[in-house]
Chemist: 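My questions will all concern the structure given below.
When a residue number appears, it is its place in the shown sequence, counting from 1.
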Amino acid sequence: MVSNHHVNLTPQEDSLIAESDPDVLARMDQKQLKELQSRLRQAREKNFSLLRRQGAARVEAEGARGSAQPANEKRGEKVEAFDEALARVSRYLETE
C-alpha cells in the first residue's frame with residue numbers, strides 16, 4: 001500500500017492516490033489506467049497552481065521568498081505525493 005501518512009491530504013485526495021497502489025493498478029484495464037492518469041494529472045496541476053499562487057501571495061506579504069517558503073511546504077508535499085502517484089501509473093502504463 002502507498003503511504004501518505006505524513007502528507008495533509010483530504011479523504012478524496014488520499015483515495016485518489018491509493019488507486020495508484022501496484023495491487024490496484026494490476027486490476028485495471030488500459031482505459032481505467034489512462035483515466036486514473038488523467039485524474040492524477042489534474043489533481044497535481046491544481047495543487048501546483050495553488051502552490052504557485054499562494055507562494056507568490058506569501059512572497060508579496062512577507063517581502064522575501066525565503067521567509068514565505070515554510071508556510072507553503074504542505075502544499076508542496078501534496079504536489080510531490082501526486083507526482084509520485086502519477087509516476088507509478090505512468091510506469092505501469094509503459095509496461096502494459
Side-chain angles (χ1 to χ4, degrees):
M1 187 68 180
V2 180
S3 174
N4 293 308
H5 65 278
H6 69 285
V7 180
N8 187 23
L9 298 169
T10 67
Q12 294 85 4
E13 291 169 333
D14 194 44
S15 176
L16 179 59
I17 289 176
E19 290 183 55
S20 72
D21 183 87
D23 293 336
V24 177
L25 294 176
R27 295 189 300 265
M28 291 184 178
D29 62 23
Q30 191 80 3
K31 183 179 177 183
Q32 292 169 317
L33 288 166
K34 288 191 180 278
E35 197 249 3
L36 175 59
Q37 184 181 40
S38 176
R39 289 186 294 135
L40 284 166
R41 189 172 285 127
Q42 286 176 327
R44 183 196 60 191
E45 293 305 316
K46 171 192 161 198
N47 280 284
F48 184 72
S49 178
L50 286 170
L51 174 72
R52 299 276 304 206
R53 281 187 292 184
Q54 290 171 349
R58 297 279 307 164
V59 167
E60 190 173 312
E62 298 287 333
R65 280 185 283 191
S67 57
Q69 183 181 6
N72 221 11
E73 284 180 9
K74 289 183 181 181
R75 181 71 60 189
E77 290 172 353
K78 277 189 177 189
V79 171
E80 198 171 298
F82 281 113
D83 272 340
E84 291 169 5
L86 186 56
R88 279 190 296 278
V89 174
S90 296
R91 279 192 304 272
Y92 198 86
L93 274 167
E94 288 174 4
T95 63
E96 283 289 301

Chemist: Shortest non-hydrogen contact from Ile17 to Ala81?
Modeler: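 What the structure gives for the nearest pair is CD1-CB, 3.8 Å.
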
Chemist: Distance check, rounded to the nearest 0.5 Å: Arg88 atom CZ versus Asp21 atom CG?
Modeler: 7.5 Å

Chemist: Who are the side chain to side chain contact (heavy atoms under 4.5 Å, CB included) partners of Ser15, not counting sequence neighbours?
Modeler: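 Residues passing side chain to side chain contact (heavy atoms under 4.5 Å, CB included) with Ser15: none at all.
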
Chemist: Partners of Ser49 by side chain to side chain contact (heavy atoms under 4.5 Å, CB included), sequence neighbours excluded?
Modeler: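 For Ser49, the residues satisfying side chain to side chain contact (heavy atoms under 4.5 Å, CB included) (neighbours in sequence not counted) are Arg53.
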
Chemist: How long is the span from the OG atom in Ser20 to the CG atom in Leu33, to the nearest 0.5 Å?
Modeler: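 These two atoms lie 11.0 Å from each other.
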
Chemist: If you look at every heavy atom in Leu16 and Ala43, which pair is closest and at what distance?
Modeler: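 Looking at all heavy atoms of both residues, the shortest contact is CD2-CB, 3.9 Å.
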
Chemist: Tell me, do Gln32 and Leu36 make a side-chain contact under 4.5 Å, heavy atoms counted?
Modeler: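 Side chain of Gln32 against side chain of Leu36, heavy atoms only: no contact under 4.5 Å found.
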
Chemist: A side-chain contact here means heavy atoms from C-beta on lying under 4.5 Å apart; do Glu13 and Asn47 qualify?
Modeler: yes

Chemist: For Ser90, check side chain to side chain donor-acceptor pair (under 3.5 Å) against everything at least two apart and list the hits.
Modeler: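 Result, side chain to side chain donor-acceptor pair (under 3.5 Å) vs Ser90: Gln37.
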
Chemist: Tyr92 and Ala26: which non-hydrogen atoms are nearest, and at how many Å?
Modeler: OH-CA, 2.9 Å

Chemist: If we only count heavy atoms from C-beta on, is the Lys74 to Lys78 side-chain gap below 4.5 Å?
Modeler: no

Chemist: Partners of Lys34 by side chain to side chain contact (heavy atoms under 4.5 Å, CB included), sequence neighbours excluded?
Modeler: Gln30, Leu93

Chemist: Write down the atom of Gly76, the atom of Leu51, and the distance for their closest heavy-atom approach.
Modeler: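 Residues Gly76 and Leu51, closest heavy atoms: N-CD1, 3.7 Å.
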
Chemist: Looking at residues at least two apart in the chain, or sitting in another chain, which of them share a side chain to side chain donor-acceptor pair (under 3.5 Å) with Arg39?
Modeler: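 Arg39: side chain to side chain donor-acceptor pair (under 3.5 Å) contacts with Glu19, Glu35.
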
